[in-house]
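The structure appears below as structure tokens.
What you are looking at is a predicted structure, and each value in this text was computed from that prediction instead of being measured.
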Amino acid sequence: QVQLVESGGGVVQTGGSLRLSCAASGRTINDYAMGWFRQAPGKDREFVVGISWSGENAYYEDSVKGRFTISRDNAKNTVYLQMNSLKPEDTAVYYCAGFETRVGTWIGTVESEYEDWGQGTQVTVSS
């Protein structure tokens, strides 16, 4: 099992940028597919983006395509989420999550696929 800790959340104006980090500990995430989810007030948690453990493949939810970029540095056991052109509707608690897989190109898009979760970091976009 891996422990995940998110950081980098905060308050930003519409159109601004934030970079979230997800630091993993306890074991390497070299064979972990990773993803970011978010939960807005009063709503269910939703998938945002996933990345394969190879880092070569990523899949974005439609509303963040072209604005968010996921990346990973396996040497640092860390995953990042660069968020640009932020909108008020991006306001949510953002969660990092991961699961072990033998398929290097696999990207998880369903919450139930993910085994390990961080505690979340708040992102607030003011209008």
- Before giving the answer on side chain to side chain contact (heavy atoms under 4.5 Å, CB included), spell out for M83 and V123 the whole-Å C-alpha distance, their side-chain angles and the decisive distance to 0.1 Å. CA-CA 10 Å; M83 305 186 295; V123 171; 3.8 Å; yes
- Query: Given the rule in the side chain to side chain contact (heavy atoms under 4.5 Å, CB included) test, do T91 and Q122 qualify, once you have shown the distances and angles that lead to the verdict?
  - Reply: CA-CA 8 Å; T91 295; Q122 177 70 47; 4.0 Å; yes
- Euclidean distance, L4 CG relative to T78 OG1, rounded to 0.5 Å: 10.0 Å
- Would you say W53's side chain and T101's backbone share a donor-acceptor pair under 3.5 angstrom? yes
- Counting only heavy atoms not in K65, do more than 12 fall under 6.0 Å of its NZ? yes
- Let me see the working for V49 and F68 under side chain to side chain contact (heavy atoms under 4.5 Å, CB included), right down to the final yes or no. CA-CA 8 Å; V49 58; F68 290 12; 5.8 Å; no
- Answer yes or no: is there a donor N or O on one side and an acceptor on the other, between the side chain of R72 and the main chain of G55, under 3.5 Å? no
- Those residues that, when tested against S54, pass side chain to side chain contact (heavy atoms under 4.5 Å, CB included) (two or more places apart): S52, E56, N57
- Task: Would you mind reporting whether S25 and N77 have side-chain heavy atoms less than 4.5 Å apart?
- Result: no
- Got E111 and D44 here, is their nearest side-chain heavy-atom distance under 4.5 Å? no
- Not counting sequence neighbours, list each pair that qualifies as a disulfide (SG to SG under 2.5 Å) and has a residue in residues 33-81. none
- For R27, which residues count as a salt bridge (charged side-chain N to carboxylate O under 4.0 Å, His left out) partner, sequence neighbours excluded? D31, E100
- Query: Is K87 paired with D90 through a side-chain N to carboxylate O contact shorter than 4.0 Å?
  - Reply: no
- Query: Roughly how far, to the nearest 0.5 Å, is the CZ atom of F99 from the OH atom of Y32?
  - Reply: 10.0 Å
- Item | Flag side-chain contact, heavy atom, 4.5 Å: T28 against N74 | no
- For D116, check salt bridge (charged side-chain N to carboxylate O under 4.0 Å, His left out) against everything at least two apart and list the hits. none
- Item | Any donor-acceptor N/O pair, Y95 side chain to W117 backbone, under 3.5 Å | no
- Treating Ile, Leu, Val, Met, Phe, Trp and Tyr as nodes and any side-chain heavy-atom pair under 4.5 angstrom as an edge, say whether W36 and Y59 lie in one connected cluster. no
- Item | Audit row: E6, L20, side chain to side chain contact (heavy atoms under 4.5 Å, CB included) steps and yes/no | CA-CA 7 Å; E6 303 94 336; L20 305 184; over 6 Å; no
- Message: Suppose we screen for side chain to side chain donor-acceptor pair (under 3.5 Å). Which residues come up paired with E46, at least two apart in sequence or across chains?
- Response: R38
- Can you find a heavy atom in the side chain of Y60 that is under 4.5 Å from one in the side chain of T69? yes
- By salt bridge (charged side-chain N to carboxylate O under 4.0 Å, His left out), E61 pairs with (sequence neighbours left out) none
